[in-house]
Amino acid sequence: MEAVLGHLRGAIERGEYAVGDKLPSEAELCRRLEVSRPVLREALRALQTMGLTVSRTGKGTFVVSSGPVENPTFGDYTASDLMEVRRHVEIPVAGYAAVRRTPEDLDHLARLLDRMERERDTTAWAAMDTLFHLAVAQAAQNPVFRRVIEEIRDALARQSAFLNELGGRREQSDREHRAIVDALVDGSAPDATEAMAHHLDRVGTTLTAIVRPGRTGRTDQADTPTEGETQA
């Protein structure tokens with residue numbers, strides 16, 4: 001999928017498909033690129049997320065920009081809005097979880113991590129990624145925190161799948177999740193908040209590297225950074 005996306009993105013950025021042009025049909029692109037339709041559709045979805053194309057029902061996929069937007073949209077929310085909220089919610093949530101978690105919370109998180117580390121399907125892994133962050137919020141023993149994460153759950157799954165397909169973040173995310181859980185097991189609020197801040201930093205950095213290589217923006221920097229966060 002990454003190769004197909006790179007080919008189509010390059011063609012658009014070079015002007016081979018100009019703004020306003022309609023891309024060839026899925027059947028034609030599959031034939032030209034010698035890929036399956038599911039692979040092509042993943043690449044087309046990524047192009048839309050980047051703001052390069054738009055899909056019009058019954059008409060096809062059209063080029064709307066010659067370069068990716070700096071602030072892609074995942075479901076109902078932009079990347080910058082997601083990151084801003086996540087930094088202000090999930091970092092303190094991790095601290096609360098470290099001092100309030102129950103043995104049942106820790107057991108659930110451990111089993112979930114084990115499943116994630118064995119999973120090879122991106123969509124299934126992304127779904128479990130959202131479950132992980134919901135479980136951390138649950139461990140904070142405040143239903144409002146969980147409700148916030150549930151509200152952005154679909155957007156988180158879309159963002160997670162996007163980053164894993166194009167940024168190869170799955171193994172790195174597993175390690176970062178493991179560090180968060182280790183801090184919860186130790187009952188260390190400072191370590192838990194630091195581990196979550198590091199995780200969100202890496203999410204933002206990878207997103208920026210995909211969308212705007214060599215540039216940074218609001219997608220990976222909070223307006224009011226939490227102490228200990230590394231700016232990309």
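In this chain, numbering begins with 1 at the start of the sequence shown. For the numbers below, each heavy atom of this structure counts, side chains included, while hydrogens, waters and symmetry mates do not. For clarity, every value in this text was computed on a predicted model and none was experimentally measured.
Each of Ile91 and Val99 belongs to its own hydrophobic cluster when Ile, Leu, Val, Met, Phe, Trp and Tyr are linked at side-chain heavy-atom distances under 4.5 angstrom. Cluster annotation: Leu33 is connected to Leu5 through the hydrophobic network of ILVMFWY side chains, with a link wherever side-chain heavy atoms come within less than 4.5 Å.
Once rounded to the nearest 0.5 Å, the distance linking CG of Leu52 with CD1 of Ile12 reads 5.0 Å. Considering CG of Leu109 and CD1 of Ile180, their distance stands at 9.5 Å, rounded to 0.5 Å. The line from CD1 of Ile149 to CZ of Arg153 is 11.0 Å long, rounded to the nearest 0.5 Å. Here the CE-CD distance, from Met128 to Glu117, works out to 10.5 Å after rounding to the nearest 0.5 Å. Note: Asp129 CG to Leu134 CG = 10.0 Å, rounded to the nearest 0.5 Å. With values rounded to the nearest 0.5 angstrom, Tyr17 atom OH is found 11.5 Å from Thr61 atom OG1.
Using a 4.5 Å heavy-atom threshold, the side chains of Asn142 and Arg146 count as separate. You'll find the side chain of Ile210 reaches within 4.5 Å of the side chain of Met50, heavy atoms only. A heavy-atom distance below 4.5 Å is not found between the side chains of Ser160 and Phe74. Contact annotation: the side chain of Val203 approaches that of Arg169 to within less than 4.5 Å [non-hydrogen atoms, C-beta and beyond]. Residues Phe62 and Leu23 fail the side-chain proximity criterion, which asks for heavy atoms closer than 4.5 Å. Side-chain contact between Phe132 and Ser173 is absent, with no heavy-atom pair separated by less than 4.5 Å.
Nearest approach of Ala126 to Ala161, heavy atoms of both residues: CB-N, 3.9 Å. Counting all heavy atoms, side chain and backbone alike, Leu44 lies closest to Thr53 at O-OG1, 4.2 Å. Heavy-atom minimum distance, Ala79 versus Leu207: CB-CD2, 3.4 Å. The two residues Val93 and Ala137 have their closest heavy-atom pair at CG1-CA, 3.7 Å. Closest heavy-atom contact between Arg101 and Ala98: CD-O, 3.2 Å. Here the shortest heavy-atom pairing between Gly95 and Ala189 reads O-CB, 3.6 Å.
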Go through the steps for Asn164 and Thr122 under the test side-chain hydrogen bond (donor to acceptor under 3.5 Å, both in side chains), then give the verdict.
CA-CA 7 Å; Asn164 289 334; Thr122 296; over 6 Å; no

Would Met196 and Arg87 count as a side chain to side chain contact (heavy atoms under 4.5 Å, CB included) if you check the C-alpha gap in whole Å, the side-chain angles of each, and the deciding distance to 0.1 Å?
CA-CA 9 Å; Met196 184 65 79; Arg87 289 180 187 279; over 6 Å; no

Set out, in order, the CA-CA distance, both residues' side-chain angles and the distance that settles side chain to side chain contact (heavy atoms under 4.5 Å, CB included) for Arg158 and Thr73, then state yes or no.
CA-CA 9 Å; Arg158 290 170 184 250; Thr73 299; over 6 Å; no

Just do the side chain to side chain contact (heavy atoms under 4.5 Å, CB included) check on Thr57 and Lys59 with the steps written out, would you?
CA-CA 5 Å; Thr57 304; Lys59 295 183 179 180; over 6 Å; no

Can you list the steps and then say if Ile152 with Arg86 is a side chain to side chain contact (heavy atoms under 4.5 Å, CB included)?
CA-CA 9 Å; Ile152 62 175; Arg86 293 187 72 185; 4.2 Å; yes

Are Arg118 and Asp114 close enough, and set up right, to give a salt bridge (charged side-chain N to carboxylate O under 4.0 Å, His left out), and what steps lead you there?
CA-CA 7 Å; Arg118 293 193 303 268; Asp114 288 341; 5.1 Å; no

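Although no hydrogens or angles enter the test, the distance criterion places a donor-acceptor pair under 3.5 Å between the side chain of Asp105 and the main chain of Thr102. Using a distance-only test at 3.5 Å, with no hydrogens or angles considered, no donor-acceptor pair links the side chain of Asp191 to the main chain of Ser188. For the pair Asn71 (side chain) and Ser80 (backbone), a donor-acceptor distance under 3.5 Å is present. Although no hydrogens or angles enter the test, the distance criterion places no donor-acceptor pair under 3.5 Å between the side chain of Arg100 and the main chain of Gln141.
Between Arg9 and Glu13 there is a salt bridge, since a side-chain N of the basic residue sits under 4.0 Å from a carboxylate O of the acidic one. Salt bridge status for Glu176 with Arg202: absent, with no side-chain N to carboxylate O gap under 4.0 Å. Of the charged side-chain nitrogens involved, at least one lies within less than 4.0 Å of a carboxylate oxygen, so that Glu28 and Arg32 count as a salt-bridged pair. Under 4.0 Å is where a charged nitrogen must lie from a carboxylate oxygen, and between Arg178 and Asp182 no such pair does.
Under the side-chain contact (heavy atoms from CB on, under 4.5 Å) criterion, Arg120 pairs with Arg170, not counting sequence neighbours.
With a 6.0 Å radius and a threshold of 12 heavy atoms from other residues, nucleotides or ligands, Arg37 has its CZ atom above the threshold.
Between His177 and His133, the angle of the ring planes goes over 60°, which puts this pair in the perpendicular group of the 30/60° scheme.
Judged as a ring pair (Phe, Tyr, Trp, His ring centres under 6.0 Å), the pairs with a partner in residues 135-161 (not counting sequence neighbours) are, in order, Tyr96-Phe145.
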